[in-house]
Amino acid sequence: MSTSRVRISRSGPYLSLLTGSLLVFGVASWDLAAQPGATLDDTPATNSPATKPAPKPAAMRAAALDARIAAACAAENVPLAPRTDDAQFLRRVWLDLAGRVPSLAEIEKATVSNSGTDSGSAPGLNRAALVDQLLQSKEFASYWALLWSEYLLDRRPFADEDYKGRTLLRFLRDALATNQPYNELVAELLQGEGDSDVSGPANFLMRYGPEAAPMAGAVGQKFLGLTIQCAECHNHPHAGWTQNDFWGLAAYFARLRKMNPAEQIEGMDDFSIVVERSRGELLLVDKQAQPNENGEYPMRTVFPKLPGQTGTDISKSRRAALIHWMTASDNPYFARHAVNQVWYRLMGTKLVDTLDRVPTSEQGLSAALLNDLQAEFVASGFDLKALIRSILLSEAYQRSSSTAPGGLAVATTYPVTKDAQSLEPAKSPGSKKPDAAKPDTTKPDSKKPDSATNPPAVPLAERQLALFARAQVRPLSADQIHLSLGSALGYYYDDQDHRLAEATREEFTYDIPHDSFYELPASLRRSLALFNSEHLRGAVDVAAEMTLRLYGNAAGAEHVERLCLMILGRKPTADELERLLELAGGDSPKAGLEDVAWVLLNSAEFNTNH
């Protein structure tokens, strides 16, 4: 396909299919402007108490979540969006668990093999069976390992001189495939030692030096949901963390060392080893002490100390003591943070921003959901798949992303500060009041409304999202676009690289998704890549050629329907079919079908998880 055929002149009547009238792809009511960015293993946690509540079945956990959400919505008279149809659910859950849309063959297979009746639902796709099937798949382990490695490393795991991210990626993939309990997985990561060629945990530690201060920030942020790294140079300005808290946490990693071979052997890759010495403490410059005549400050010894606690920890095995505290069933941060991250991956928004202040269930819907899920996560033995399954089987996850019909705004019944996703504390009862003796000279029209008695109006669409009354529309990541082009059209841009990746069980031998589609969804680079990149031109060429070989050289309804099924996972409506046939009906059938594929691949329907 020539470059000129994917042309900017498509900004004419057919580009309006994408920008001016998204209705043609069924997304006119999506809140795009608001977007920001099987067997369950019930093995108990290693250091959990002997007696604890038994985990509930996934359906019961999902029902409990839905009951809380329904009550919160009823209290504000916020309507619940209807359940999404089977085609949209199929696409949504494949994107969330496998990182791609299902192929046409997988759609047909799911419709036949998974047809049945979920408990309490109408006959149709057996959604619970589909969720179980995907959670057991290799693609789930591969895709979620990629998500977790990016999160833990703050970068892609494919190329770095200081550590080997692919080794960590393989470690996480194997852990997810076997459903290793989350507390044990984190314990392995933090207790890691050994060779960078073979040890995933050692490579995680190498990403942060391993040095005491970066490790403290990583542990607080990645596993506890704390912003304790802000207390490295001064006490935290907004939370209760002090410098002593930060450096006490850092001291647990003071004995770690990264060692490199004295001689590099020609023809062999460089490697490093992480070891923990049996002695040594963290030393810091003591700015509180008196400097000597040369202006030099003495050093002070910092012993390990758990965040928020006063006593020092002089355990012989420093990291083991920290891990025991972190992964305990009664730790206020560890399980909640894991739940918060999983919810974010599946629902598109976090329940809380940080855990610097542990929320109570009285602080709103999001806090109550977080605490409910945390309790069940601990009771299940930190079972990630059980947690994911509970969320996916909830009506909250399965709702449509369309706004409900009716009014444009709904008044909240409590102050905005007590919001479903805001944990801003109320003002202290001792707050300063206006002087009663001083006359009020403010004009009546300029007075601010009392939020407790006359709350401001909140747009209905916004309130529905805040109360999880409808699904969030989420832009696809570069990985999801790349993998979806492969599953929908069989096009991976570099076929040799794809075959090599399949043979070696590497996700990518080089970073094709980010090279092609860039990291940020709402960016000029992503838009240009979807408009006219070599990657997309190759995809539309394959799509057009495939349909011509299947249905003949004259572009017709079968060709267009096939393209819609492959790319969008559904047949076109009568209006869509008419307009797309008009687009395909030029002098060159192949060029016309390429234009149809281009429009579909640039549509909001393809580029979002809705």
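Positions are given from 1 along the sequence. Keep in mind that this is a model prediction, so the values were computed, not measured.
Taking 4.5 Å as the limit, every side-chain heavy atom of L476 sits out of range of all side-chain heavy atoms of P521. Looking at heavy atoms from C-beta onward, C73 lies out of side-chain contact with R463 at the 4.5 angstrom threshold. Put simply, the side chain of T301 does not reach to within 4.5 Å of the side chain of L282, judged on heavy atoms. Side-chain contact check for T242 versus F246: every heavy-atom pair is 4.5 Å or farther apart.
Judged by distance alone, the side chain of S137 and the main-chain N or O of L134 form a donor-acceptor pair under 3.5 Å. A donor-acceptor pair under 3.5 Å links the side-chain atoms of D86 to the main chain of L125, judged by distance alone. In this structure a side-chain-to-backbone donor-acceptor pair under 3.5 Å is missing from Q341 to A338. In terms of modelled atom types and a separation under 3.5 Å, the side chain of R207 and the main chain of L153 share a donor-acceptor contact. N126 places a side-chain N or O within 3.5 Å of a backbone atom of A129 that can act as its donor or acceptor partner. One N or O on the side chain of S390 and one on the backbone of A386 form a donor-acceptor pair closer than 3.5 Å. In this structure, D356 contributes its side chain and L226 its backbone to no donor-acceptor pair below 3.5 Å. With R92 contributing its side chain and Y397 its backbone, the two residues share a donor-acceptor pair below 3.5 Å. Counting only distance, with no hydrogens or angles, the side chain of S401 and the backbone of V473 share no donor-acceptor pair below 3.5 Å. Q229 places no side-chain N or O within donor-acceptor distance of the main-chain N or O of A218, the cut-off being under 3.5 Å.
Under the side chain to side chain contact (heavy atoms under 4.5 Å, CB included) criterion, S272 pairs with S196, M206, K258, N260, sequence neighbours left out. Residues passing the salt bridge (charged side-chain N to carboxylate O under 4.0 Å, His left out) test with E519, sequence neighbours excluded: none. Residues meeting the side chain to side chain contact (heavy atoms under 4.5 Å, CB included) test with E211, sequence neighbours left out: P214. Applying the side chain to side chain donor-acceptor pair (under 3.5 Å) test to D154 and every residue at least two apart in sequence or in another chain returns K222. Remark: R91 engages no residue in a salt bridge (charged side-chain N to carboxylate O under 4.0 Å, His left out) (not counting sequence neighbours). D372 meets the side chain to side chain donor-acceptor pair (under 3.5 Å) test with R68; sequence neighbours excluded. The salt bridge (charged side-chain N to carboxylate O under 4.0 Å, His left out) test applied to R257 returns no partner, not counting sequence neighbours. For R300, the salt bridge (charged side-chain N to carboxylate O under 4.0 Å, His left out) test picks out no residue, with sequence neighbours left out.
We find that R100 and E106 are joined by a salt bridge, their nearest charged nitrogen and carboxylate oxygen being less than 4.0 Å apart. Using a 4.0 Å cut-off between a side-chain N of Lys or Arg and a carboxylate O of Asp or Glu, D96 and R474 qualify as a salt bridge. The pair R83-E395 meets the salt-bridge criterion, with a side-chain N (NZ, NE, NH1 or NH2) lying under 4.0 Å from an Asp/Glu carboxylate O. Under the 4.0 Å criterion applied to side-chain N and carboxylate O atoms, D479 and R156 are assigned as salt-bridge partners.
Summarising the geometry, atom CG belonging to D66 is positioned 8.5 Å from atom CD belonging to Q398; distances are rounded to the nearest 0.5 Å. The CD atom of Q464 lies 12.0 Å from the CD atom of Q472; values are rounded to the nearest 0.5 Å. Between the CG atom of L172 and the OG atom of S142 there is a distance of 11.5 Å, given to the nearest 0.5 Å. Between the NE2 atom of H482 and the CG atom of D511 there is a distance of 9.0 Å, given to the nearest 0.5 Å. Distance check: W148 CH2 to L168 CG gives 12.0 Å after rounding to the nearest 0.5 Å. The line from CZ of R61 to OG of S394 is 11.5 Å long, rounded to the nearest 0.5 Å.
Summarising the geometry of A145 relative to L176, their closest heavy-atom pair is N-CD1, 3.4 Å, with the distance given to 0.1 Å. Closest non-hydrogen pair, A202 versus D195, comes out as CB-O, 4.4 Å. Annotation for L189 and F171: closest pair CD2-CE2, 3.7 Å, computed over non-hydrogen atoms. Smallest separation of non-hydrogen atoms from G192 and L205: O-CD1, 3.0 Å. Heavy-atom minimum distance, V101 versus L95: N-CD2, 3.8 Å. Contact between L369 and L65 at its shortest, heavy atoms only, is CD2-CD2, 3.7 Å.
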*Taking it one step at a time, do S149 and L146 satisfy side-chain contact (heavy atoms from CB on, under 4.5 Å)?*
CA-CA 5 Å; S149 64; L146 180 60; 4.2 Å; yes
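Here salt bridge (charged side-chain N to carboxylate O under 4.0 Å, His left out) pairs that include residues 234-250, with residues two or more places apart or in two chains, are D245-K305. Counting only residues at least two apart or in different chains, ring pair (Phe, Tyr, Trp, His ring centres under 6.0 Å) contacts with residues 335-354 comprise W343-F468. Note on residues 329-345: no pairs pass salt bridge (charged side-chain N to carboxylate O under 4.0 Å, His left out), not counting sequence neighbours. Under the salt bridge (charged side-chain N to carboxylate O under 4.0 Å, His left out) criterion, the residue pairs touching residues 318-327 are E193-R319, E276-R319, E281-R318, with sequence neighbours excluded.
Taking the ring centre of F89 as origin, the terminal cationic atom of R127 falls inside the region bounded by 6.0 Å and 45° from the ring axis.
Aromatic ring centres of F334 and F223 lie farther apart than the 6.0 Å criterion allows.
Relative ring orientation between W144 and F140 is described as tilted, the plane-to-plane angle lying within the 30° to 60° band.
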